Participant: 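Just passing along the structure, written as structure tokens.
Just so you know, these numbers use all the heavy atoms, side chains as well, and skip hydrogens, waters and symmetry mates. All of these numbers come straight from a predicted model, not from anything done at the bench.
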2 protein chains.
Amino acid sequence: MPSPALPAPAVSRRELNKAATRDAIAEAALNFLRTRELNEFTVDDVAIAAGVSRRTFFNYFSSVEAAVASFTQRYLDSVIAELEARPSDEPILESAQFALSAVGSPRDLAILAETFTLTQDPALGRFQLQAWDDCSIKITEVARHRLPPGTDELYINALVGAVVGSCRAAVGVWFSQRGADTSEDSLAQLRELLGTTISLIRSGFAY
Amino acid sequence: MPSPALPAPAVSRRELNKAATRDAIAEAALNFLRTRELNEFTVDDVAIAAGVSRRTFFNYFSSVEAAVASFTQRYLDSVIAELEARPSDEPILESAQFALSAVGSPRDLAILAETFTLTQDPALGRFQLQAWDDCSIKITEVARHRLPPGTDELYINALVGAVVGSCRAAVGVWFSQRGADTSEDSLAQLRELLGTTISLIRSGFAY
DNA sequence: CTTTTAGTTTGCACGGCGTGCAAACTTGCA
DNA sequence: TGCAAGTTTGCACGCCGTGCAAACTAAAAG
């Protein structure tokens with residue numbers, strides 16, 4: 001007698017396949033960027049390297065830029081997930097501080113750092129900016145439910161804008177100081193920079 | 001005797017022509033966006049409407065998106081100009097407050113507001129984000145020379161990131177409340193929102 | 001005024017992009 | 001086993017963005 005009907009697995013074969021394909025494509029795109037400029041390879045190149053057809057590439061990403069941005073998106077989404085996991089009565093900037101220091105396996109951070117180098121090209125940079133902006137929108141939603149009801153919309157939006165804007169700047173500072181160094185030492189410094197940044201947001205920029 | 005040799009005019013005929021062409025192209029692009037979606041017209045359409053060849057369009061802008069972003073760029077550049085015009089011993093956030101309230105003829109602000117509506121399409125939004133990011137970079141340069149020498153790089157970058165990020169958010173709030181309303185009344189409200197935002201950055205987000 | 005020089009516009013051509021569509025194929029389910 | 005639903009693929013088409021060389025135009029030199 002077969003095992004009792006398993007409920008449809010949380011992740012079906014189809015979903016696994018799709019995730020694998022998606023990863024393969026993104027990885028292939030990143031790989032090309034590591035050795036060439038953006039305009040020195042084509043979507044076909046990436047598709048072939050990922051083992052799919054050109055058409056399938058476009059089923060997953062609308063461009064190489066978008067594929068590369070998926071790494072940053074993933075990192076930022078994990079920050080948001082950490083943020084949402086914090087107790088909802090905790091002061092939100094405190095939650096942010098925890099979320100920022102909790103996040104990031106060395107591997108994820110290595111990608112984040114590498115992405116900073118590889119996206120100097122404006123066409124790639126635009127997609128990175130969009131990832132940060134999408135992140136802002138999601139966090140605003142979280143903040144709206146966290147802050148006391150009736151909190152001024154300006155307060156909410158300015159807070160999120162300031163936090164995301166300054167954290168992005170902090171990552172930039174980290175990268176300009178450490179480059180692609182993702183040793184524990186360097187990661188600790190990143191966490192410290194992000195922590196200091198949140199403190200500044202909380203206590204204000206005196207001058 | 002002819003009039004004494006005039007020094008070569010500050011703006012030559014050539015420069016005037018180029019500026020006019022550039023404006024005509026940007027204006028034509030915006031005009032199409034007012035009535036159609038981004039993918040419902042082509043670069044050729046815009047070029048013809050602007051009275052130039054397709055090839056000339058690309059001599060000025062690399063895409064329709066870039067042409068549309070030129071309006072936001074112009075606005076942000078004027079804010080930076082105001083900022084640089086402030087006395088350099090003034091606290092920088094105070095300078096920011098002045099610059100933000102000084103700037104913006106109704107016409108400029110009308111365009112800024114309209115731009116917000118017309119750039120919902122992600123492809124357009126990306127270029128807007130880039131305009132704000134370019135602005136950050138320029139302001140960072142200003143801030144570096146304004147703040148006491150030796151000020152922490154993190155402080156400078158986080159400050160600018162927070163200011164620009166929150167001000168962008170403030171413009172978003174303004175737009176969501178007033179739409180394309182650019183009456184004196186509405187503009188006063190925008191100035192107030194921006195002023196409040198800078199105050200928040202200065203004094204901190206308590207929670 | 002004429003000639004020269006430098007800067008700008010244009011047409012052309014080419015490779016690459018992004019998408020609709022329909023046919024082939026794969027997975028899930030009865 | 002066979003059907004339904006989801007996924008991949010090839011193809012074709014219009015549009016994009018750029019290098020190039022020829023036409024044109026403003027500015028400077030003679």
Participant: Starting at the 5' end of DNA chain D, which residue's closest nucleotide do you reach first, B:Ser63 or A:Ser53?
Facilitator: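 It is A:Ser53, whose closest nucleotide lies nearer the 5' terminus.
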Participant: Is it the case that the base of C:dT26 and the side chain of A:Arg14 share a donor-acceptor contact (distance under 3.5 Å, atom types as modelled)?
Facilitator: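 It does, because a donor-acceptor pair links the side chain of A:Arg14 to the base of C:dT26 below 3.5 Å.
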Participant: Let's test your reading of the model: under 3.5 Å, does the base of D:dA12 pair with the side chain of A:Arg55 as donor and acceptor?
Facilitator: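 Answer no: no donor N or O sits under 3.5 Å from an acceptor.
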Participant: To the nearest angstrom, how far is B:Phe58 atom CZ from C:dC14 atom C1'?
Facilitator: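 Answer to the nearest Å: 14 Å.
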Participant: Any side-chain N or O of A:Asn17 below 4.0 angstrom from OP1/OP2 of C:dT27?
Facilitator: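 Answer is yes, contact under 4.0 Å.
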Participant: Just call it for B:Asn59: base, sugar-phosphate, or nothing, with non-hydrogen atoms closer than 4.0 Å on any strand.
Facilitator: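 The answer is base, as B:Asn59 lies within the cut-off (heavy atoms under 4.0 Å) of a base atom.
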Participant: Looking at B:Arg107, I'd like to know if its CZ atom is crowded, meaning that more than 12 non-hydrogen atoms belonging to other residues, nucleotides or ligands lie closer than 6.0 Å.
Facilitator: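 Result for CZ/B:Arg107: open.
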Participant: Heavy atoms from C-beta onward define the side chain here; which of D:dA27, D:dC16, C:dT8 lies closest to that of B:Lys18?
Facilitator: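 Between D:dA27, D:dC16, C:dT8, the one nearest the side chain of B:Lys18 would be C:dT8.
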Participant: Please determine whether a side-chain nitrogen or oxygen atom of B:Thr56 lies at a distance below 4.0 Å from atom OP1 or OP2 of C:dT10.
Facilitator: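 Looking at the OP1 and OP2 atoms of C:dT10, one of them is under 4.0 Å from a side-chain N or O of B:Thr56.
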Participant: Tell me whether A:Arg74 at atom CZ has more than 12 heavy atoms from other residues, nucleotides or ligands lying less than 6.0 Å away.
Facilitator: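 Result for CZ/A:Arg74: open.
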Participant: For the pair made of CD1 in A:Ile48 and P in D:dT9, what is the distance, rounded to whole Å?
Facilitator: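 It works out to 12 Å between those atoms.
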Participant: Do A:Ser183 and A:Asp181 have side-chain atoms, one donor and one acceptor, less than 3.5 Å apart?
Facilitator: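 A:Asp181 and A:Ser183 do have a side-chain donor-acceptor pair below 3.5 Å.
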Participant: Could you state the atom-to-atom distance from CZ of A:Arg22 to P of D:dT7 in whole Å?
Facilitator: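 Those two atoms, CZ and P, are 13 Å apart.
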Participant: Considering heavy-atom distances to DNA chain C, does B:Gly51 or A:Thr42 have its closest nucleotide positioned more toward the 5' end?
Facilitator: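 Per heavy-atom nearest nucleotide, the more 5' residue is B:Gly51.
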Participant: Just by modelled atom types, is the B:Thr72 backbone N or O under 3.5 Å from a matching donor or acceptor in the B:Trp132 side chain?
Facilitator: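 No.
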Participant: In whole angstroms, how far is the C1' atom of D:dG17 from the CD atom of A:Glu37?
Facilitator: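 Answer to the nearest Å: 17 Å.
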Participant: Do A:Arg54 and C:dG18 share a donor-acceptor pair, side chain to base, under 3.5 Å?
Facilitator: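 Answer is yes: a donor-acceptor pair is held.
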Participant: Out of D:dT9, D:dC16, D:dA26, which nucleotide sits closest to the side chain of B:Arg13?
Facilitator: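 The listed nucleotide nearest to B:Arg13's side chain is D:dA26.
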Participant: State whether a side-chain donor-acceptor pair under 3.5 Å links B:Ser95 with B:Arg146.
Facilitator: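 Note: B:Ser95 and B:Arg146 side chains meet the donor-acceptor criterion.
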Participant: Given that A:Thr21 and B:Asp44 both sit by DNA chain D, which one's nearest nucleotide is further toward the 5' end?
Facilitator: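 That would be A:Thr21.
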Participant: Specify the separation, in whole Å, of atom CG of A:Asn39 and atom P of C:dG16.
Facilitator: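 Result: 12 Å.
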Participant: Which whole-number value in Å describes the distance from B:Ile25 CD1 to D:dG17 C1'?
Facilitator: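 Between C1' of D:dG17 and CD1 of B:Ile25: 14 Å.
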Participant: Could you state the CG-C1' distance from A:Leu38 to D:dG17, rounded to the nearest angstrom?
Facilitator: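 For the pair A:Leu38 CG and D:dG17 C1', the rounded distance is 13 Å.
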Participant: Send over the distance from A:Arg36 CZ to C:dG16 P, rounded to a whole Å.
Facilitator: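 That distance rounds to 12 Å.
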Participant: Looking across every strand, which nucleic acid part, if any, lies under 4.0 Å from A:Tyr60 by heavy atom: base, sugar-phosphate, or nothing?
Facilitator: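 If one applies the 4.0 Å heavy-atom cut-off, A:Tyr60 turns out to touch the sugar-phosphate alone, with no base involved.
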